[in-house]
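For this chain, numbers begin at 1 and follow the sequence in order.
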Amino acid sequence: MEKIKCGMCGKHITDKTEVEYSEWYTEFFCDPKHALTYYMDQAQSRPLEFDKDYLKAIGVKMEDGLLYTK
């Protein structure tokens, strides 16, 4: 048998930690914040930059403060 470790920090999972389990990633996490960070990293999620060239590169246009798909 192998001890289960947090998919984010590598800490051993115990009954003293606030364990999260992802069925999608089949990973255990020792803390909900570690799970959220892992999910955001996997999705490559980051704050949107409202730079005109960047918006164009991702196929989005801004008019009157609203975002539109092209």
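- The shortest side-chain heavy-atom distance between Tyr21 and Glu27 does not fall under the 4.5 Å cut-off.
- Inter-residue side-chain proximity for Lys70 and Lys56 is flagged as met; some heavy-atom pair is nearer than 4.5 Å.
- The number of heavy-atom neighbours closer than 6.0 Å to NZ of Lys52, taken from other residues, nucleotides and ligands shown, is 12 or below.
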> Should Cys6 and Ile13 be marked as a side-chain contact (heavy atoms from CB on, under 4.5 Å) after you check the CA-CA gap, both sets of side-chain angles, and the distance that decides it?
Replying inline: CA-CA 6 Å; Cys6 175; Ile13 300 293; 4.2 Å; yes
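- To the nearest 0.5 Å, atom NZ of residue Lys5 and atom SG of residue Cys30 are 12.5 Å apart.
- For the pair Thr17 (side chain) and Thr14 (backbone), a donor-acceptor distance under 3.5 Å is present.
- Applying the 6.0 Å contact sphere to CD of Glu18 captures no more than 12 heavy atoms from other residues, nucleotides or ligands.
- A continuous path of ILVMFWY side-chain contacts below 4.5 Å connects Ile4 to Val19, so both sit in one hydrophobic cluster.
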>> Please determine whether side-chain contact (heavy atoms from CB on, under 4.5 Å) holds for the pair Leu48 and Ile58, giving the CA-CA distance in whole Å, both sets of side-chain angles, and the decisive distance to 0.1 Å.
In response: CA-CA 10 Å; Leu48 182 65; Ile58 62 171; 3.8 Å; yes
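- Rounded to the nearest 0.5 Å, atoms CD (Gln42) and OG (Ser22) are 9.5 Å apart.
- Taking a 4.5 Å side-chain heavy-atom cut-off between Ile, Leu, Val, Met, Phe, Trp and Tyr, the cluster of Tyr68 extends to Leu66.
- Considering only heavy atoms from C-beta on, Met62 comes within 4.5 Å of Leu55 through its side chain.
- With sequence neighbours left out, Tyr38 forms a ring-ring contact (aromatic ring centres under 6.0 Å, His included) with Tyr25, Phe29.
- Judged as a side-chain hydrogen bond (donor to acceptor under 3.5 Å, both in side chains), and not counting sequence neighbours, the contacts of Lys61 are Glu63.
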